[in-house]
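Notes follow once the structure below has been shown.
Nothing fancy with the numbering, it's 1 onward along the sequence.
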Amino acid sequence: MVPKKIFAMEEYPLVLNAQHLAEIIGVSTRIAYEIMEKTGFPLIRIGRCKRVARDAFFKWLNEQYV
């Protein structure tokens with residue numbers, strides 16, 4: 001079974017992981033992890049896990065194009 005693609009921001013979970021970011025911006029998971037390490041990115045570290053709040057990510061993403 002092929003996973004359903006999500007296109008609306010509200011359909012994503014409140015906390016995103018690198019796989020979500022890769023899907024949203026159309027890059028590999030490895031590049032998504034590199035983006036998560038950029039200065040100013042709203043990263044949440046939970047042990048070794050890297051996450052980002054959905055709303056904070058989309059706000060950050062919109063600011064990159066202004």
Side-chain angles (χ1 to χ4, degrees):
M1 183 172 149
V2 177
K4 177 186 155 204
K5 291 286 184 182
I6 301 173
F7 296 107
M9 179 179 100
E10 297 79 21
E11 292 183 34
Y12 283 97
L14 290 175
V15 179
L16 306 174
N17 60 31
Q19 290 79 21
H20 293 126
L21 270 61
E23 180 181 311
I24 292 165
I25 57 180
V27 298
S28 69
T29 304
R30 181 69 215 133
I31 297 298
Y33 277 113
E34 289 178 17
I35 291 169
M36 293 173 98
E37 291 297 327
K38 287 186 173 277
T39 302
F41 188 85
L43 181 67
I44 300 169
R45 288 188 187 270
I46 304 169
R48 292 182 57 200
C49 298
K50 297 177 182 179
R51 302 289 188 264
V52 61
R54 179 186 65 198
D55 294 339
F57 170 70
F58 282 103
K59 181 178 183 279
W60 174 86
L61 187 61
N62 286 328
E63 291 170 355
Q64 302 311 300
Y65 295 102
V66 174

Given the rule that I, L, V, M, F, W and Y join up when any side-chain heavy atoms are under 4.5 Å apart, are [X] and [Y] in one cluster?
X	Y	answer
Phe41	Leu16	yes
Ile44	Met9	no
Met36	Ile31	yes

Between [atom1] on residue [X] and [atom2] on residue [Y], distance to nearest 0.5 Å:
X	Y	atom1	atom2	answer
Glu23	Thr29	CD	OG1	10.0 Å
Ile35	Trp60	CD1	CH2	5.5 Å
Gln19	Ile24	CD	CD1	11.5 Å
Asn17	Arg51	CG	CZ	5.0 Å
Arg54	Glu11	CZ	CD	10.0 Å
Leu21	Tyr33	CG	OH	10.0 Å

Phe58 and Tyr12 aromatic ring geometry - parallel, tilted or perpendicular at 30°/60° bounds
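Correct class here is tilted.
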
Residues in salt bridge (charged side-chain N to carboxylate O under 4.0 Å, His left out) with Arg45, at least two apart?
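Once residues adjacent in sequence are excluded, the partners of Arg45 under the salt bridge (charged side-chain N to carboxylate O under 4.0 Å, His left out) criterion are Glu37.
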
Contacts of type side-chain hydrogen bond (donor to acceptor under 3.5 Å, both in side chains), residue Glu10, not counting sequence neighbours
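Glu10 satisfies side-chain hydrogen bond (donor to acceptor under 3.5 Å, both in side chains) with no residue once adjacent residues are dropped.
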
Could you give all pairs that pass the salt bridge (Lys or Arg N to Asp or Glu O under 4.0 Å) test and reach residues 24-33, with sequence neighbours left out?
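Found Arg30-Glu34.
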
One pair to check against side chain to side chain contact (heavy atoms under 4.5 Å, CB included): Leu61 and Ile25. What are the steps and the verdict?
CA-CA 9 Å; Leu61 187 61; Ile25 57 180; 4.0 Å; yes

What are the two closest non-hydrogen atoms of Ala32 and Ala18, and how far apart are they?
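It is CB-O, 3.4 Å.
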
